[in-house]
Amino acid sequence: MSSNDPLFQPYQLASGLELPHRIVMAPLTRSRATDDGMPTDVMRPYYAQRASAALIISEGIVVSPQGAAYRGVPGLFIPEQVREWKKITDEVHRNGGRIVAQLWHVGRQSHSSVQPDGLPPWAPSPIPIVGYEYYRKPVRHQFEVPRELTQEKISEIIRDYVLAAKNAIAAGFDGVELHGANAYLIDQFLNAGSNNRTDRYGGTIENRSRFLEEVVESIGIEIGINRVGVRLSPSSNWMDSYDPNRSELYHHVVTRLNEMQLAFLHLVEPGVAGSRTVEETENQVSNAALAGLFDRTVIRTGNLTPHKAREILQYESADLVGFGRGFISNPDLPERIKTGEPLAEARKEGMYQGGAEGYITYPTIEDENRWKAFLKNTEGDTELILTHIERLKKRGTADLALSGQLYDLRQAERLLAAAAEGEWSL
Ligand code: PHB
């Protein structure tokens with residue numbers, strides 16, 4: 001592709017952040033945190049390896065223990081989590097990348113078995129999710145009738161969002177994205193199927209979008225609206241998300257977010273159900289039409305090919321395009337798209353199970369070439385290489401002990417080069 005490839009034009013976000021191209025890494029649940037929401041060391045190389053994305057949107061990060069549902073999901077509600085996230089964002093920035101934190105509260109998708117008080121989860125209305133099950137390895141449960149949020153509880157959750165947003169900035173993130181998609185708490189307020197409240201948060205479309213607007217506004221006051229984005233899935237009925245008039249609903253929501261001068265709007269394309277591809281549903285809302293209502297940055301994500309992504313950028317009011325699954329198995333996805341290198345397929349193993357395998361062990365094209373050269377230089381003497389790595393680990397250098405083999409070798413190679421420069425001795 002020529003230098004006027006729409007995917008490889010620079011772009012500036014409202015915050016002033018300069019993006020070198022248009023390919024965003026979409027948020028991906030990868031379940032590598034501890035069960036009490038602490039980011040772990042293996043997450044550092046994972047995000048750092050993907051720093052060539054125009055922008056990384058983090059996996060969903062819960063704003064409170066009450067907002068959580070699944071194993072291995074990180075949080076941003078205590079100082080220890082801020083400290084661990086800071087190490088990750090520092091590494092991304094050192095590698096030349098940019099990263100925003102996706103703030104998440106799952107609402108009625110949680111379960112009493114993981115709620116801090118052991119009672120059913122909180123949601124706009126006492127309406128359970130029907131047609132799906134709550135799954136937390138290794139058990140499945142029926143979704144419960146959630147507890148209806150009181151005004152006091154709503155205010156508390158807004159405060160949780162604000163604290164998490166402030167924590168995100170303290171942790172070095174370049175901004176935040178509110179997870180308003182996929183039938184989680186914000187989506188539960190927006191859609192009539194999960195919200196039959198009769199107070200100022202329910203009933204009319206204006207009322208149902210109030211919770212989102214209050215979260216956006218409160219966070220904007222604290223960290224600046226130029227650093228706040230929202231993700232919506234206007235066409236998804238996954239997890240029982242339902243509204244009889246989606247088009248009118250989302251036109252209103254996007255119009256309001258535009259008036260509030262939100263920094264970016266992130267739209268999930270039709271044909272995506274949570275993390276999976278499905279048949280496109282009836283009752284779809286045109287993302288192109290919604291994008292046309294929004295003056296600032298629009299990101300569109302979901303089942304895109306490079307070809308489709310270019311079309312969206314050229315003809316359908318999008319500024320940036322997101323790839324999720326492509327980034328799992330191709331840490332250097334932008335480079336591969338640019339050069340037309342083949343894309344690696346993601347393996348099911350390692351998707352959510354934890355550990356380094358299937359997480360930080362997908363090589364870049366450069367890794368593969370270096371790996372070959374490295375082996376060649378050592379004449380394939382893997383024992384020699386492993387001995388070096390063992391020595392490096394003993395010295396407690398970097399994160400070698402916690403990283404996958406390819407990452408070890410890449411680090412090892414870097415360190416070996418430093419040793420050759422006389423910066424330290426093996
Ligand atoms: C998932 O963990 O599968 C997941 C999380 C957040 C989403 C969708 C899917 O928005």
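Just so you know, ligand 1 is whichever comes first in the structure, and atom 1 is the first atom listed for that ligand.
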Filtering Leu28, Asn182, Val272 for the heavy atom nearest atom 8 (C) of ligand 1 leaves Asn182
Using 4.0 Å as the upper bound for N to carboxylate O, is an ion pair formed by Lys166 and Glu222? yes
Give the residue, atom name and distance (to 0.1 Å) of the protein heavy atom nearest atom 1 (C) of ligand 1. Thr29 OG1, 3.6 Å
Nearest heavy atom to atom 4 (C) of ligand 1: which of Tyr184, Tyr70, Tyr352 does it belong to? Tyr184
Note: ligand 1 atoms sitting under 4.0 Å from heavy atoms of Ser275 are 3 (O), 9 (C)
Taking only heavy atoms of Trp104, which atoms of ligand 1 are found under 4.0 Å from at least one of them? 5 (C), 6 (C)
Numbering the atoms of ligand 1 from 1, which are under 4.0 Å from a heavy atom of Gly274? 8 (C), 9 (C)
Against the six-membered ring of Tyr135, is Arg140 placed for a cation-pi contact (under 6.0 Å from the centre, within 45° of the normal)? yes
Arg32 charged N/C atom sitting above Tyr359 aromatic ring, 6.0 Å / 45°: yes
Could you walk me through whether Val215 and Phe189 satisfy the side chain to side chain contact (heavy atoms under 4.5 Å, CB included) test, starting with their C-alpha distance in whole Å, then the side-chain angles of each, then the deciding distance to 0.1 Å, before giving a yes or no? CA-CA 12 Å; Val215 177; Phe189 271 99; over 6 Å; no
If you count the atoms of ligand 1 from 1 in the order shown, which ones are under 4.0 Å from a heavy atom of His179? 6 (C), 7 (C), 10 (O)
Is the shortest side-chain N to carboxylate O distance from Lys338 to Glu335 below 4.0 Å? no
Gln66 and Gln115: side chain to side chain contact (heavy atoms under 4.5 Å, CB included), yes or no, with the steps? CA-CA 6 Å; Gln66 169 216 103; Gln115 283 295 300; 3.4 Å; yes
